[in-house]
J.: 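After the structure tokens below, expect a handful of questions from me.
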There are 2 protein chains.
Amino acid sequence: MINSRFTVAVHLLTLLSVARARDPEAPVTSEFAAESVSTNPVVVRRILGSMRRAGLVRSQPGPTGGWHLHREPDEISLRDVYRAVEDERLFSMHRQQPSADCPVGRNIQQALEGYFQEAEHAMEAKLGERTIADVAAEVTRYSGRLAG
Amino acid sequence: MINSRFTVAVHLLTLLSVARARDPEAPVTSEFAAESVSTNPVVVRRILGSMRRAGLVRSQPGPTGGWHLHREPDEISLRDVYRAVEDERLFSMHRQQPSADCPVGRNIQQALEGYFQEAEHAMEAKLGERTIADVAAEVTRYSGRLAG
DNA sequence: CTATCTGTAACGATCATAGTTACGGCCGGT
DNA sequence: ACCGGCCGTAACTATGATCGTTACAGATAG
């Protein structure tokens, strides 16, 4: 299964979205976010670093620094997040190259390639239908203070 | 990404399908199949064991024993194989439970659950459109002796 | 200048995967 | 009845991914 980085990334962007709705200026620090996710600030910086390279967030060092969304929440789809955090293909081929002496071994990978792409694409297309704004809306249907 | 068991499982069922097309009686041994996949016979038995529990193949011990398909190749979808070999969910939630003190941490998992299910379902539905017969047909478009 | 952030390297703990050895059980052929 | 060849499965190991952690350099507001 897919690692938890994707889940954490969506969590973090949702946190930024909710925080911005309350105060568009105030940044969120790695430490604050880490408490919400129950992890280490370095893990947060690593994942938000991927988001930054994908243009989804921006960061500022120094005091009063921290993280901001860099796009409207309704313009960040879950597919964008997935692509930013996951560079591997969804399905793994054989670890060892199959036997070239067997017609099945020789051709199976090429045969599967297309089917795997279709399935992966269908999954991503479904993720593309939902945005961080949707997640934030669902999360904030129940009220509560924003605390770490 | 998904482990290679799924790929190997499809490979093995395709091998059984092609072998049966040449001789409906002759079983395929774990050792023969292992050579096609470039792995160990025990790995083959483990994966085909899952297929047997899912009713996709049958096995027979003793000399003249080995593995047979237990369904028509066009009645085994890639989704069937996926479900037989993969019991985990596609997306992983947080390792540590997120903070209950934060409205995002408190609600994010429930919010994501539905979206993740949709995406996983879309992927499986696409896999469900293809069968072992399709893969076997593609593999055998190029001829060749069936060798390990 | 200092305090407080980010950025990133480096290391370790934990876990999943899959390769390997070993051996018990089943069964066809002699 | 036995032997040989197959499956079934436990047990151990090697490898690699993941993620938590420490450490420290760089940036910047006050």
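In what follows, every chain begins at residue 1, and chains take the letters A, B, ... in the order their sequences are listed. Every heavy atom of this structure was used, including side-chain atoms; hydrogens, water molecules and symmetry mates were not.
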J.: Would you mind reading off the distance between A/F32 atom CZ and C/dT6 atom C1', rounded to a whole angstrom?
T.: 18 Å
J.: Classify the nucleic acid contact of B/R58 as base, sugar-phosphate or nothing, counting any heavy atom under 4.0 Å across all strands shown.
T.: nothing
J.: Less than 3.5 Å apart, which donor and acceptor atoms pair up between the side chains of residues 116-124 of chain A and the rest of the protein, not counting sequence neighbours?
T.:
unit_1, atom_1, unit_2, atom_2, d
A/Q117, NE2, A/E113, OE2, 3.1
A/E118, OE1, B/R130, NE, 3.4
A/E118, OE2, B/R130, NH2, 2.8
A/E120, OE1, A/R89, NE, 3.1
A/E120, OE1, A/R89, NH2, 3.1
A/E120, OE2, A/L90, N, 3.4
A/E124, OE1, A/R79, NE, 3.4
A/E124, OE1, A/R83, NH1, 2.6

J.: Send over the distance from A/M51 CE to C/dG7 C1', rounded to a whole Å.
T.: 16 Å
J.: Report each atom pair, protein N/O against N/O of nucleotides 9-15 of chain C, whose distance is under 3.5 angstrom.
T.:
unit_1, atom_1, unit_2, atom_2, d
C/dA10, N6, A/R46, NH1, 3.2

J.: Return the set of residues passing side chain to side chain donor-acceptor pair (under 3.5 Å) with A/S77 (not counting sequence neighbours), or none when no residue passes.
T.: A/D80
J.: In whole Å, what is the span from the CD1 atom of A/I47 to the C1' atom of C/dT6?
T.: 16 Å
J.: Could you tell me which residues satisfy side chain to side chain donor-acceptor pair (under 3.5 Å) with A/E31, sequence neighbours excluded, listed by chain and number?
T.: none
J.: Check the distance between C/dA16's C1' and B/E86's CD and give it to me in whole angstrom.
T.: 11 Å
J.: Nearest 0.5 Å, what's the CG-CD distance between A/N40 and B/Q96?
T.: 11.0 Å
J.: OP1 or OP2 of D/dT18 less than 4.0 angstrom from a side-chain nitrogen or oxygen of A/S4, does that happen here?
T.: no
J.: Considering only residues two or more places apart or on different chains, which pairs with a residue in residues 43-76 of chain B satisfy ring pair (Phe, Tyr, Trp, His ring centres under 6.0 Å)?
T.: none
J.: Rounded at 0.5 Å granularity, tell me how far CD in A/E88 sits from CG in A/N3.
T.: 9.5 Å
J.: Taking protein heavy atoms under 4.0 Å as touching, what does nucleotides 24-29 of chain D look like 5' to 3' if B marks base contact, S marks sugar-phosphate-only contact and - marks none?
T.: --BBBB
J.: Think A/S30 has a side-chain N or O under 4.0 angstrom from the OP1 or OP2 of C/dT6?
T.: yes
J.: Whole angstroms only, please: what is the CZ-C1' distance between A/R52 and C/dC5?
T.: 13 Å
J.: Does D/dG20 have its OP1 or OP2 closer than 4.0 Å to a side-chain nitrogen or oxygen of A/T39?
T.: yes
J.: Atom CG of A/D101 and atom OG of B/S36: how far apart are they, to the nearest 0.5 Å?
T.: 9.5 Å
J.: Please figure out whether B/R53 or A/V43 has its closest DNA chain D nucleotide nearer the 5' end.
T.: B/R53
J.: Measure from the side-chain N and O atoms of B/S17 to the backbone N and O of B/L13, and report whether any donor-acceptor pair falls under 3.5 Å.
T.: no
J.: Rounded to whole angstrom units, what separation is found between the CD atom of B/E25 and the C1' atom of C/dG28?
T.: 16 Å
J.: Starting at atom CG of B/L48, determine the distance to atom P of D/dC7, rounded to an integer number of angstrom.
T.: 9 Å
J.: Using atom CG of B/L12 as one end and atom P of C/dA18 as the other, report the distance to the nearest whole Å.
T.: 12 Å
J.: Test of understanding: clusters of I, L, V, M, F, W, Y form through side-chain heavy atoms closer than 4.5 Å, transitively. Do B/V42 and B/L48 belong to the same one?
T.: no
